[in-house]
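It should be emphasised that the depicted structure is a prediction, and the values quoted were computed from it without experimental measurement. Per chain, numbering begins at 1; letters A, B, ... match sequence-line order.
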There are 2 protein chains.
Amino acid sequence: MIFSTELLKGTLKTIVLKLLADNSKMYGYEITQRVKELTGDKIQITEGALYPTLHALEAEGLLTTEVEYMGKRVRKYYSLNESGKARSKEKVSELAEFIETMTFLLDLKKKTLNVLPQ
Amino acid sequence: MIFSTELLKGTLKTIVLKLLADNSKMYGYEITQRVKELTGDKIQITEGALYPTLHALEAEGLLTTEVEYMGKRVRKYYSLNESGKARSKEKVSELAEFIETMTFLLDLKKKTLNVLPQ
DNA sequence: AACAATGCATCAGTTTCTTATGTATTATTG
DNA sequence: CAATAATACATAAGAAACTGATGCATTGTT
């Protein structure tokens, strides 16, 4: 199933921030491919959505950029700065709580045994 | 926390369809209050979003309506027809799978013990 | 009497996407 | 080796789904 795209709305920034929190630097095309691969093609980020989002995050002062050349082809690597790391945690927490709320609201709960990390 | 609204986008129809699947009939204002109550004020559906959504679901042929008067004040009750019931299941399943995918992607998993319903 | 809550509705404006288009380089394949 | 696919950036028109404001009327509360 490829999700009807309206569900994705609002989650793109969070996805990008999370990936950048887990990887010290990534470039745009890499992000689209990583998401596709991690979700078994269920979530496909379009470039028309991604690049403006990266520019917006940069304009918000959350990212630093670094250009690298692969032969003659350019790659623009993005990294989180300190604000970006903080924002990433906030956005992931917010989405986690949203998911929890929706799970309850839609009665999707399974019996859960929480095992604390050691 | 009241969720930054962009997360809600795309989930409203599903929420409405789910509530109507669980309750034989509901009216608009009742839906807003039920969601508010069920989520501890975390999700607040605005009337500007809800009424157009109800009209859209009706136009898609998923709902039947029934007007009732409380004194001089009108209430418009909505119910799912057969198509609506089917669509409700589809949308809830889709959102459930989306949530599962996002949970994995954002690394939000907890150790889970699934207990089958009796 | 004033205000809050109940109950419907519409609409301009905003945000966030999709889809199309553009440009260029590099790898693959018949 | 020519055509096509993949890699890699970017922008922009239009669509979708909201928010927030506004409007109207009735009923409950202080």
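- Of the residues listed (A:L80, A:N81, A:V16), the one engaging A:L63 in a side-chain contact (heavy atoms from CB on, under 4.5 Å) is A:L80, and it is the only one.
- Rounded to whole Å, the distance from CD1 on A:I31 to C1' on D:dC9 is 13 Å.
- The shortest distance between side-chain heavy atoms of B:L54 and B:T65 does not fall below 4.5 Å.
- Between B:R87 atom CZ and B:L62 atom CG the span is 5.0 Å, to the nearest 0.5 Å.
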Please list each protein N or O that sits under 3.5 Å from an N or O in nucleotides 3-5 of chain D, with the distance.
none

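- The side-chain tip of A:K25 points at the ring of A:Y77 from less than 6.0 angstrom away and within 45° of straight on.
- For residues 39-69 of chain A, the set of pairs meeting the ring pair (Phe, Tyr, Trp, His ring centres under 6.0 Å) definition, not counting sequence neighbours, is empty.
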Does the protein touch nucleotides 11-17 of chain D at the base, only the backbone, or not at all? Give it as B, S and - per nucleotide, heavy atoms under 4.0 Å. BB---BB
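- Distances shown here put a side-chain N or O of A:R75 below 4.0 Å from the OP1 or OP2 atom of D:dA8.
- Residue B:L54 contributes atom CG, which lies 8 Å from atom P of C:dA9 at whole-angstrom precision.
- Neither OP1 nor OP2 of C:dG7 sits under 4.0 Å from any side-chain N or O of B:K72.
- In terms of the ring-ring contact (aromatic ring centres under 6.0 Å, His included) criterion, A:Y29 has no residue partners (sequence neighbours excluded).
- In terms of polar N and O atoms assigned as donor or acceptor, the side chain of A:R73 never comes within less than 3.5 Å of the base of C:dT26 in a complementary pairing.
- In this model, the phosphate group of D:dG20 is not approached by any side-chain N or O of B:T46 to a distance below 4.0 Å at OP1 or OP2.
- In this structure, NZ of B:K76 is placed 17 Å from C1' of C:dT6, rounded to the nearest angstrom.
- Salt-bridge formation is detected for the pair B:K13/B:E60: a Lys NZ or Arg NE/NH1/NH2 atom is positioned less than 4.0 Å from an Asp or Glu carboxylate oxygen.
- Across the protein-nucleic acid pair, A:Y29 atom OH and D:dC9 atom C1' stand 12 Å apart, rounded to whole Å.
- Grouping Ile, Leu, Val, Met, Phe, Trp and Tyr residues whose side-chain heavy atoms lie under 4.5 Å apart, directly or via other members, leaves A:M70 alone, with no other cluster members.
- Following rounding to the nearest Å, B:K36 (NZ) and C:dG7 (C1') show an atom-to-atom distance of 15 Å.
- Looking at residues two or more places apart in sequence or on another chain, you find a side chain to side chain donor-acceptor pair (under 3.5 Å) between B:E30 and B:R34.
- In this structure, the CD atom of B:E68 is 13 Å from the C1' atom of C:dG7, given to the nearest Å.
- Rounded to an integer number of Å, the gap from CD of B:Q33 to C1' of C:dA4 is 13 Å.
- Regarding A:I45, its CD1 atom lies at a distance of 9 Å from the P atom of C:dC17, rounded to whole Å.
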